[in-house]
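Scope of the values below: all heavy atoms of this structure, side chains included, with no hydrogens, waters or symmetry mates. Count residues from 1 along the sequence.
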Amino acid sequence: MNVSPSDLPRSDFLRVLTERGFIHQCSDLAGLDAKAAAGEVVAYVGYDCTGPSLHVGHLLSIMMLHWLQQTGQKPIALMGGGTTRVGDPSGKDESRKILTLDQIAANKDSLKTVFSRFIRFGEAGRDAIMVDNAEWLAPLNYIDFLRDVGRHFSVNRMLSFDSVKTRLEREHELSFLEFNYMILQAYDFVELNKRYGCTLQMGGSDQWGNIVNGIDLGRRMGTKQLYALTCPLITTASGAKMGKTASGAVWLNADMKSPYEYWQFWRNTEDGDVARFLKLFTVLPMAEIARLAALGGAEINEAKKVLANEATALLHGRAAADEAAETARKTFEEGALAESLPSVAVPLAVLEAGLGVLSAFGPDHAGLVGSTSEARRQVKGGGLKVNDATVTDERAVLTLDDLTAEGVIKLSFGRKKHVLLRIA
(Lines give C-alpha, C1' and ligand atoms only; values in the text may rest on other atoms or scores of the structure.)
Protein backbone atom coordinates (compact mmCIF):
# COMPACT_ATOMS: atom_id res chain seq x y z
CA MET A 1 0.00 0.00 0.00
CA ASN A 2 1.57 3.28 -1.13
CA VAL A 3 0.51 6.19 1.08
CA SER A 4 1.64 9.79 0.75
CA PRO A 5 2.99 11.44 3.93
CA SER A 6 -0.01 13.79 4.04
CA ASP A 7 -2.38 10.81 4.18
CA LEU A 8 -0.60 9.07 7.06
CA PRO A 9 -2.39 8.86 10.42
CA ARG A 10 -1.29 11.15 13.27
CA SER A 11 -0.62 8.40 15.80
CA ASP A 12 2.68 6.54 15.76
CA PHE A 13 0.81 3.24 16.02
CA LEU A 14 -1.36 3.58 12.93
CA ARG A 15 1.36 5.39 11.00
CA VAL A 16 3.75 2.45 11.47
CA LEU A 17 1.07 -0.10 10.54
CA THR A 18 0.13 1.92 7.46
CA GLU A 19 3.72 2.37 6.24
CA ARG A 20 4.48 -1.31 6.71
CA GLY A 21 1.30 -2.62 5.06
CA PHE A 22 -0.52 -4.16 8.01
CA ILE A 23 -3.90 -2.51 7.64
CA HIS A 24 -6.66 -4.22 5.67
CA GLN A 25 -9.86 -2.99 7.36
CA CYS A 26 -10.65 -0.63 10.23
CA SER A 27 -14.07 0.13 11.68
CA ASP A 28 -13.27 3.80 12.40
CA LEU A 29 -9.76 4.81 11.36
CA ALA A 30 -10.09 8.47 12.37
CA GLY A 31 -11.54 7.63 15.78
CA LEU A 32 -8.93 4.98 16.50
CA ASP A 33 -6.16 7.30 15.31
CA ALA A 34 -7.25 10.01 17.77
CA LYS A 35 -7.37 7.49 20.61
CA ALA A 36 -3.92 6.09 19.73
CA ALA A 37 -2.45 9.60 19.46
CA ALA A 38 -3.57 10.16 23.06
CA GLY A 39 -1.89 6.90 24.12
CA GLU A 40 -5.13 5.33 25.26
CA VAL A 41 -5.35 2.11 23.24
CA VAL A 42 -5.55 -1.28 24.92
CA ALA A 43 -5.85 -3.93 22.21
CA TYR A 44 -6.03 -7.68 21.99
CA VAL A 45 -5.63 -10.55 19.58
CA GLY A 46 -7.09 -13.98 20.37
CA TYR A 47 -5.32 -17.30 19.77
CA ASP A 48 -7.13 -20.59 20.21
CA CYS A 49 -5.17 -23.50 21.67
CA THR A 50 -5.84 -26.01 18.88
CA GLY A 51 -2.22 -27.19 18.67
CA PRO A 52 1.11 -26.97 20.49
CA SER A 53 2.51 -24.28 18.19
CA LEU A 54 1.37 -21.27 16.24
CA HIS A 55 2.53 -21.06 12.63
CA VAL A 56 3.96 -18.33 10.45
CA GLY A 57 0.45 -17.27 9.41
CA HIS A 58 -0.05 -15.94 12.95
CA LEU A 59 2.99 -13.68 12.71
CA LEU A 60 1.13 -10.72 11.21
CA SER A 61 -1.14 -10.32 14.22
CA ILE A 62 1.76 -10.96 16.63
CA MET A 63 3.76 -8.22 14.89
CA MET A 64 0.74 -5.91 15.23
CA LEU A 65 0.89 -6.49 19.00
CA HIS A 66 4.64 -5.77 18.85
CA TRP A 67 4.21 -2.42 17.10
CA LEU A 68 1.25 -1.56 19.35
CA GLN A 69 3.54 -1.79 22.38
CA GLN A 70 6.50 -0.15 20.68
CA THR A 71 4.35 2.90 19.99
CA GLY A 72 3.17 3.33 23.57
CA GLN A 73 -0.03 1.29 23.76
CA LYS A 74 -0.94 -1.81 25.81
CA PRO A 75 -1.27 -5.29 24.21
CA ILE A 76 -3.27 -8.26 25.45
CA ALA A 77 -2.56 -11.77 24.18
CA LEU A 78 -5.81 -13.65 24.73
CA MET A 79 -5.47 -17.42 24.98
CA GLY A 80 -8.61 -19.26 23.94
CA GLY A 81 -8.78 -21.86 26.66
CA GLY A 82 -12.55 -21.46 26.56
CA THR A 83 -13.28 -20.93 22.87
CA THR A 84 -11.01 -23.84 21.90
CA ARG A 85 -13.58 -26.10 23.53
CA VAL A 86 -16.05 -24.92 20.88
CA GLY A 87 -13.94 -24.49 17.72
CA ASP A 88 -13.81 -21.57 15.29
CA PRO A 89 -15.54 -22.50 12.01
CA SER A 90 -13.85 -19.62 10.10
CA GLY A 91 -12.09 -20.91 6.99
CA LYS A 92 -12.94 -24.54 7.74
CA ASP A 93 -15.08 -26.95 5.71
CA GLU A 94 -15.46 -29.38 8.60
CA SER A 95 -15.62 -29.33 12.38
CA ARG A 96 -12.36 -29.06 14.29
CA LYS A 97 -11.36 -32.01 16.43
CA ILE A 98 -12.73 -31.77 19.97
CA LEU A 99 -9.80 -31.60 22.38
CA THR A 100 -9.74 -32.67 26.01
CA LEU A 101 -9.18 -30.10 28.75
CA ASP A 102 -5.72 -31.56 29.38
CA GLN A 103 -4.82 -31.23 25.69
CA ILE A 104 -6.00 -27.62 25.62
CA ALA A 105 -3.99 -26.81 28.77
CA ALA A 106 -0.84 -28.43 27.34
CA ASN A 107 -1.24 -26.54 24.05
CA LYS A 108 -1.75 -23.25 25.90
CA ASP A 109 1.45 -23.72 27.90
CA SER A 110 3.37 -24.52 24.71
CA LEU A 111 2.02 -21.46 22.86
CA LYS A 112 3.02 -18.99 25.56
CA THR A 113 6.75 -19.23 24.84
CA VAL A 114 6.56 -17.48 21.47
CA PHE A 115 4.94 -14.24 22.61
CA SER A 116 7.74 -13.11 24.90
CA ARG A 117 9.98 -12.84 21.85
CA PHE A 118 7.78 -10.12 20.40
CA ILE A 119 6.14 -8.30 23.30
CA ARG A 120 7.23 -7.40 26.83
CA PHE A 121 5.17 -8.77 29.71
CA GLY A 122 5.16 -7.24 33.17
CA GLU A 123 3.31 -5.20 35.77
CA ALA A 124 3.88 -1.68 34.39
CA GLY A 125 1.13 0.28 32.70
CA ARG A 126 2.04 -0.52 29.08
CA ASP A 127 3.43 -3.99 29.71
CA ALA A 128 1.59 -6.75 27.89
CA ILE A 129 -0.65 -9.17 29.73
CA MET A 130 -1.75 -12.69 28.81
CA VAL A 131 -5.20 -13.84 29.84
CA ASP A 132 -7.34 -16.91 29.17
CA ASN A 133 -10.98 -16.56 28.17
CA ALA A 134 -11.77 -19.73 30.10
CA GLU A 135 -11.72 -17.44 33.16
CA TRP A 136 -15.11 -15.99 32.21
CA LEU A 137 -16.48 -18.48 29.67
CA ALA A 138 -16.13 -21.67 31.73
CA PRO A 139 -18.26 -20.46 34.70
CA LEU A 140 -21.09 -19.10 32.52
CA ASN A 141 -24.62 -20.14 33.39
CA TYR A 142 -26.14 -21.16 30.05
CA ILE A 143 -29.64 -19.81 30.72
CA ASP A 144 -28.36 -16.50 32.07
CA PHE A 145 -25.94 -16.17 29.15
CA LEU A 146 -28.70 -16.75 26.59
CA ARG A 147 -30.89 -14.17 28.32
CA ASP A 148 -28.22 -11.50 28.86
CA VAL A 149 -26.07 -11.94 25.74
CA GLY A 150 -27.74 -14.30 23.26
CA ARG A 151 -30.80 -12.07 22.92
CA HIS A 152 -28.66 -9.43 21.18
CA PHE A 153 -27.85 -11.74 18.24
CA SER A 154 -30.00 -12.14 15.15
CA VAL A 155 -29.90 -15.66 13.66
CA ASN A 156 -30.65 -14.10 10.27
CA ARG A 157 -27.50 -11.97 10.55
CA MET A 158 -25.40 -14.84 11.92
CA LEU A 159 -26.33 -16.94 8.90
CA SER A 160 -24.99 -14.20 6.61
CA PHE A 161 -21.40 -14.39 7.95
CA ASP A 162 -18.87 -16.11 5.71
CA SER A 163 -17.81 -18.66 8.34
CA VAL A 164 -21.39 -19.94 8.44
CA LYS A 165 -22.58 -19.22 4.90
CA THR A 166 -19.66 -21.02 3.24
CA ARG A 167 -20.35 -24.21 5.17
CA LEU A 168 -24.04 -24.12 4.34
CA GLU A 169 -23.50 -23.35 0.64
CA ARG A 170 -21.11 -26.31 0.36
CA GLU A 171 -23.56 -28.48 2.30
CA HIS A 172 -20.91 -29.22 4.92
CA GLU A 173 -22.09 -29.83 8.44
CA LEU A 174 -21.97 -26.94 10.89
CA SER A 175 -22.55 -28.06 14.46
CA PHE A 176 -24.64 -26.02 16.88
CA LEU A 177 -21.51 -25.90 19.06
CA GLU A 178 -19.54 -24.09 16.33
CA PHE A 179 -22.50 -21.84 15.53
CA ASN A 180 -22.09 -20.37 19.01
CA TYR A 181 -18.41 -19.48 18.48
CA MET A 182 -19.10 -15.97 17.17
CA ILE A 183 -21.22 -15.19 20.24
CA LEU A 184 -18.43 -16.26 22.57
CA GLN A 185 -15.81 -14.26 20.66
CA ALA A 186 -18.04 -11.18 20.76
CA TYR A 187 -18.50 -11.67 24.48
CA ASP A 188 -14.70 -11.87 24.92
CA PHE A 189 -14.42 -8.33 23.56
CA VAL A 190 -17.05 -6.99 25.99
CA GLU A 191 -15.48 -8.83 28.93
CA LEU A 192 -11.96 -7.57 28.12
CA ASN A 193 -13.33 -4.04 27.92
CA LYS A 194 -14.94 -4.42 31.32
CA ARG A 195 -11.89 -5.99 32.98
CA TYR A 196 -8.98 -4.20 31.29
CA GLY A 197 -10.39 -1.21 29.39
CA CYS A 198 -9.69 -2.93 26.05
CA THR A 199 -11.19 -0.99 23.13
CA LEU A 200 -9.55 -2.58 20.07
CA GLN A 201 -9.60 -6.12 18.71
CA MET A 202 -7.11 -7.00 15.97
CA GLY A 203 -6.83 -10.11 13.80
CA GLY A 204 -6.74 -11.48 10.29
CA SER A 205 -9.24 -10.29 7.71
CA ASP A 206 -11.13 -13.60 8.00
CA GLN A 207 -12.09 -12.52 11.53
CA TRP A 208 -13.73 -9.24 10.45
CA GLY A 209 -17.30 -10.46 10.90
CA ASN A 210 -16.61 -11.90 14.35
CA ILE A 211 -14.85 -8.72 15.49
CA VAL A 212 -17.63 -6.46 14.23
CA ASN A 213 -20.07 -8.69 16.12
CA GLY A 214 -18.15 -7.81 19.27
CA ILE A 215 -18.42 -4.09 18.55
CA ASP A 216 -22.16 -4.44 18.02
CA LEU A 217 -22.60 -6.48 21.21
CA GLY A 218 -20.62 -3.89 23.15
CA ARG A 219 -22.89 -1.11 21.88
CA ARG A 220 -26.01 -3.10 22.85
CA MET A 221 -24.61 -3.87 26.31
CA GLY A 222 -23.62 -0.29 27.03
CA THR A 223 -19.81 -0.33 26.68
CA LYS A 224 -17.79 2.59 25.35
CA GLN A 225 -16.84 2.81 21.67
CA LEU A 226 -15.01 -0.33 20.48
CA TYR A 227 -12.85 -0.65 17.36
CA ALA A 228 -11.87 -3.33 14.84
CA LEU A 229 -8.60 -3.54 12.90
CA THR A 230 -7.64 -6.41 10.60
CA CYS A 231 -4.52 -7.29 8.65
CA PRO A 232 -4.56 -8.90 5.20
CA LEU A 233 -4.30 -12.64 4.68
CA ILE A 234 -0.92 -12.97 2.98
CA THR A 235 -0.36 -14.80 -0.26
CA THR A 236 2.99 -14.96 -2.02
CA ALA A 237 3.80 -13.28 -5.33
CA SER A 238 2.95 -16.54 -7.11
CA GLY A 239 -0.44 -16.72 -5.39
CA ALA A 240 0.36 -19.47 -2.87
CA LYS A 241 -0.88 -19.28 0.72
CA MET A 242 1.75 -17.80 3.02
CA GLY A 243 3.57 -20.40 5.13
CA LYS A 244 2.51 -23.53 3.27
CA THR A 245 5.38 -25.77 2.14
CA ALA A 246 5.71 -29.26 0.71
CA SER A 247 6.49 -30.59 4.19
CA GLY A 248 3.60 -28.77 5.89
CA ALA A 249 3.07 -25.63 7.97
CA VAL A 250 5.95 -23.41 9.09
CA TRP A 251 5.67 -23.73 12.86
CA LEU A 252 7.01 -21.14 15.29
CA ASN A 253 8.09 -23.56 18.04
CA ALA A 254 11.72 -24.63 17.62
CA ASP A 255 10.93 -28.26 18.44
CA MET A 256 8.53 -28.40 15.47
CA LYS A 257 10.54 -26.29 12.99
CA SER A 258 14.23 -25.84 13.73
CA PRO A 259 15.81 -22.34 13.56
CA TYR A 260 17.76 -23.50 10.50
CA GLU A 261 14.60 -24.67 8.69
CA TYR A 262 12.87 -21.44 9.70
CA TRP A 263 15.81 -19.42 8.35
CA GLN A 264 15.65 -21.38 5.09
CA PHE A 265 11.92 -20.68 4.74
CA TRP A 266 12.60 -16.94 4.69
CA ARG A 267 15.73 -17.32 2.53
CA ASN A 268 13.55 -19.02 -0.10
CA THR A 269 11.21 -16.03 -0.36
CA GLU A 270 10.17 -15.17 -3.92
CA ASP A 271 11.87 -12.08 -5.37
CA GLY A 272 8.59 -10.18 -5.60
CA ASP A 273 7.86 -10.64 -1.88
CA VAL A 274 11.18 -9.54 -0.36
CA ALA A 275 10.37 -5.85 0.23
CA ARG A 276 6.87 -6.59 1.53
CA PHE A 277 8.09 -9.29 3.92
CA LEU A 278 10.90 -7.09 5.22
CA LYS A 279 8.26 -4.51 6.19
CA LEU A 280 5.92 -7.02 7.79
CA PHE A 281 8.20 -9.55 9.44
CA THR A 282 11.26 -7.59 10.56
CA VAL A 283 11.81 -4.46 12.65
CA LEU A 284 14.40 -2.97 10.29
CA PRO A 285 14.03 0.79 9.70
CA MET A 286 12.07 1.72 6.60
CA ALA A 287 15.12 3.45 5.06
CA GLU A 288 17.13 0.23 5.28
CA ILE A 289 14.24 -1.75 3.82
CA ALA A 290 14.06 0.71 0.92
CA ARG A 291 17.79 0.20 0.28
CA LEU A 292 17.44 -3.58 0.27
CA ALA A 293 14.32 -3.43 -1.89
CA ALA A 294 16.27 -1.50 -4.54
CA LEU A 295 18.76 -4.35 -5.01
CA GLY A 296 18.36 -6.08 -8.34
CA GLY A 297 19.60 -9.17 -10.13
CA ALA A 298 21.67 -11.58 -8.06
CA GLU A 299 21.97 -8.95 -5.31
CA ILE A 300 18.37 -9.67 -4.29
CA ASN A 301 19.76 -12.80 -2.64
CA GLU A 302 21.60 -10.61 -0.15
CA ALA A 303 18.27 -8.98 0.76
CA LYS A 304 16.78 -12.45 1.24
CA LYS A 305 19.58 -13.37 3.63
CA VAL A 306 18.93 -10.20 5.62
CA LEU A 307 15.23 -11.10 5.74
CA ALA A 308 16.06 -14.62 6.93
CA ASN A 309 18.53 -13.34 9.55
CA GLU A 310 16.20 -10.69 10.96
CA ALA A 311 13.04 -12.80 10.98
CA THR A 312 14.86 -15.72 12.61
CA ALA A 313 16.52 -13.45 15.19
CA LEU A 314 13.12 -12.06 16.20
CA LEU A 315 11.72 -15.50 16.93
CA HIS A 316 14.73 -17.59 17.99
CA GLY A 317 17.32 -15.02 19.03
CA ARG A 318 20.34 -13.55 17.26
CA ALA A 319 22.66 -16.45 18.14
CA ALA A 320 20.33 -19.00 16.54
CA ALA A 321 19.95 -16.81 13.44
CA ASP A 322 23.73 -16.44 13.08
CA GLU A 323 24.21 -20.20 13.48
CA ALA A 324 21.55 -20.90 10.84
CA ALA A 325 23.19 -18.44 8.42
CA GLU A 326 26.60 -20.05 9.00
CA THR A 327 25.16 -23.53 8.50
CA ALA A 328 23.66 -22.40 5.19
CA ARG A 329 26.96 -20.81 4.13
CA LYS A 330 28.93 -23.99 4.84
CA THR A 331 26.34 -26.20 3.17
CA PHE A 332 25.84 -24.17 0.00
CA GLU A 333 29.02 -22.16 -0.48
CA GLU A 334 31.60 -24.62 0.85
CA GLY A 335 29.70 -27.82 0.14
CA ALA A 336 30.56 -29.02 3.64
CA LEU A 337 28.44 -31.23 5.87
CA ALA A 338 27.32 -28.84 8.58
CA GLU A 339 26.64 -30.66 11.85
CA SER A 340 24.01 -28.09 12.78
CA LEU A 341 21.70 -29.14 9.95
CA PRO A 342 18.32 -30.40 11.18
CA SER A 343 18.57 -34.02 12.26
CA VAL A 344 16.13 -36.86 12.87
CA ALA A 345 16.84 -39.87 15.06
CA VAL A 346 16.19 -43.32 13.54
CA PRO A 347 16.30 -46.49 15.66
CA LEU A 348 19.29 -48.72 14.95
CA ALA A 349 16.98 -51.64 14.23
CA VAL A 350 15.25 -49.69 11.45
CA LEU A 351 18.51 -49.14 9.54
CA GLU A 352 19.63 -52.71 10.22
CA ALA A 353 16.41 -53.95 8.61
CA GLY A 354 16.55 -51.32 5.84
CA LEU A 355 14.60 -48.06 5.57
CA GLY A 356 12.80 -47.41 2.28
CA VAL A 357 14.03 -44.20 0.67
CA LEU A 358 10.50 -42.91 0.08
CA SER A 359 9.63 -43.40 3.73
CA ALA A 360 12.91 -41.78 4.81
CA PHE A 361 12.04 -38.53 3.02
CA GLY A 362 8.38 -38.62 4.08
CA PRO A 363 6.52 -37.23 7.11
CA ASP A 364 7.33 -40.24 9.34
CA HIS A 365 11.05 -39.47 9.26
CA ALA A 366 12.80 -36.49 7.62
CA GLY A 367 9.58 -34.68 6.67
CA LEU A 368 11.17 -33.15 3.58
CA VAL A 369 8.10 -34.10 1.53
CA GLY A 370 4.49 -34.38 2.60
CA SER A 371 3.84 -37.96 1.46
CA THR A 372 5.45 -41.01 -0.12
CA SER A 373 3.63 -40.26 -3.36
CA GLU A 374 5.25 -36.80 -3.41
CA ALA A 375 8.62 -38.46 -2.72
CA ARG A 376 8.01 -40.81 -5.67
CA ARG A 377 7.31 -37.84 -7.96
CA GLN A 378 10.47 -36.11 -6.78
CA VAL A 379 12.55 -39.24 -7.48
CA LYS A 380 11.23 -39.27 -11.06
CA GLY A 381 12.22 -35.60 -11.39
CA GLY A 382 15.66 -36.07 -9.86
CA GLY A 383 14.81 -33.86 -6.87
CA LEU A 384 15.98 -36.12 -4.00
CA LYS A 385 19.53 -36.90 -2.95
CA VAL A 386 21.14 -39.21 -0.40
CA ASN A 387 24.62 -38.13 0.69
CA ASP A 388 24.63 -35.72 -2.30
CA ALA A 389 23.95 -38.55 -4.80
CA THR A 390 20.70 -38.31 -6.77
CA VAL A 391 18.14 -41.00 -5.95
CA THR A 392 17.15 -42.83 -9.13
CA ASP A 393 15.39 -45.90 -7.72
CA GLU A 394 12.22 -45.37 -5.69
CA ARG A 395 12.68 -48.87 -4.25
CA ALA A 396 16.11 -48.06 -2.83
CA VAL A 397 16.70 -48.90 0.83
CA LEU A 398 18.90 -47.05 3.32
CA THR A 399 21.05 -49.21 5.61
CA LEU A 400 23.97 -48.84 8.00
CA ASP A 401 26.26 -48.88 4.96
CA ASP A 402 24.90 -45.44 3.99
CA LEU A 403 26.19 -43.77 7.18
CA THR A 404 28.95 -41.26 6.48
CA ALA A 405 32.16 -40.98 8.48
CA GLU A 406 30.28 -38.52 10.70
CA GLY A 407 27.69 -41.20 11.50
CA VAL A 408 24.81 -39.62 9.58
CA ILE A 409 22.90 -40.01 6.33
CA LYS A 410 22.33 -36.70 4.56
CA LEU A 411 18.96 -36.39 2.82
CA SER A 412 18.42 -33.46 0.44
CA PHE A 413 15.31 -32.15 -1.31
CA GLY A 414 16.44 -29.72 -3.99
CA ARG A 415 19.40 -27.49 -3.23
CA LYS A 416 18.24 -25.88 0.00
CA LYS A 417 16.45 -28.47 2.14
CA HIS A 418 18.57 -30.98 4.05
CA VAL A 419 18.07 -33.30 7.00
CA LEU A 420 20.56 -35.61 8.70
CA LEU A 421 19.42 -39.06 9.76
CA ARG A 422 21.18 -40.18 12.95
CA ILE A 423 21.00 -43.44 14.86
CA ALA A 424 18.83 -43.03 17.94
Side-chain angles (χ1 to χ4, degrees), residues 51-53 55-56 97 106 110 240 243-268 312 316 320 323-424:
S53 175
H55 54 73
V56 77
K97 178 183 176 183
S110 182
K244 292 295 183 181
T245 67
S247 56
V250 180
W251 302 109
L252 302 186
N253 284 21
D255 59 346
M256 296 179 66
K257 179 70 71 173
S258 72
Y260 171 78
E261 293 172 297
Y262 190 76
W263 189 95
Q264 276 295 333
F265 167 75
W266 294 107
R267 171 62 181 83
N268 294 335
T312 304
H316 295 297
E323 182 180 3
E326 179 62 11
T327 297
R329 189 188 67 79
K330 286 182 178 179
T331 303
F332 305 126
E333 296 177 14
E334 296 181 6
L337 178 60
E339 284 294 296
S340 51
L341 284 171
S343 64
V344 174
V346 177
L348 175 62
V350 171
L351 284 180
E352 286 179 333
L355 174 60
V357 69
L358 299 183
S359 178
F361 279 90
D364 291 338
H365 294 287
L368 287 169
V369 295
S371 64
T372 53
S373 58
E374 171 64 14
R376 187 175 290 109
R377 286 193 294 272
Q378 292 299 332
V379 168
K380 292 178 180 178
L384 304 184
K385 291 184 178 182
V386 173
N387 294 332
D388 296 324
T390 302
V391 178
T392 57
D393 183 1
E394 67 181 46
R395 295 168 297 179
V397 174
L398 304 182
T399 68
L400 294 174
D401 292 337
D402 293 299
L403 292 170
T404 66
E406 293 86 358
V408 299
I409 302 174
K410 180 183 177 186
L411 305 184
S412 304
F413 174 21
R415 292 182 58 252
K416 298 179 180 179
K417 297 181 179 179
H418 310 274
V419 168
L420 304 180
L421 293 188
R422 300 179 184 274
I423 296 176

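Considering every non-hydrogen atom in both Lys385 and Thr390, the closest pair reads CE-OG1, 3.6 Å. Counting all heavy atoms, side chain and backbone alike, Tyr260 lies closest to Pro342 at CD2-CD, 3.1 Å. Nearest heavy-atom pair across Ser371 and Ser373 is OG-OG, 2.9 Å. In terms of heavy atoms, Pro259 sits closest to Thr312 at O-CG2, 4.0 Å. Residues Ser412 and His418 approach most closely at OG-ND1, 2.7 Å, considering heavy atoms. Lys257 and Val250 get closest at one heavy-atom pair: CE-CA, 4.1 Å.
Considering CH2 of Trp263 and CD of Glu326, their distance stands at 10.5 Å, rounded to 0.5 Å. In this structure, NE2 on His365 lies 9.5 Å from CG on Leu398, to the nearest 0.5 angstrom.
When side chains are defined from C-beta on, Pro52 counts as touching Met256, because their heavy atoms get closer than 4.5 Å. No side-chain heavy atom of Gln264 sits less than 4.5 Å from a side-chain heavy atom of Lys417. Two residues are said to be in side-chain contact when any heavy atoms from C-beta on lie closer than 4.5 Å; Ser110 and Asn253 meet this criterion. The closest side-chain heavy-atom distance from Leu403 to Ile423 is below 4.5 Å. Within the 4.5 Å cutoff, no side-chain heavy atoms of Asp393 are placed close to those of Val357. With a 4.5 Å cut-off on side-chain heavy atoms, Arg422 and Val408 count as touching. No side-chain heavy atom of Leu351 sits less than 4.5 Å from a side-chain heavy atom of Thr399. The shortest distance between side-chain heavy atoms of Leu411 and Leu384 does not fall below 4.5 Å.
Put simply, the side chain of Ser53 gets close to the backbone of Leu252: a donor and an acceptor are under 3.5 Å apart. In this structure, Glu261 contributes its side chain and Ser258 its backbone to a donor-acceptor pair below 3.5 Å. The backbone N or O of Asp402 sits less than 3.5 Å from a side-chain atom of Asn387, completing a donor-acceptor pair.
A perpendicular orientation is assigned to the rings of Tyr262 and Trp266, their planes being inclined by more than 60° (bins at 30° and 60°).
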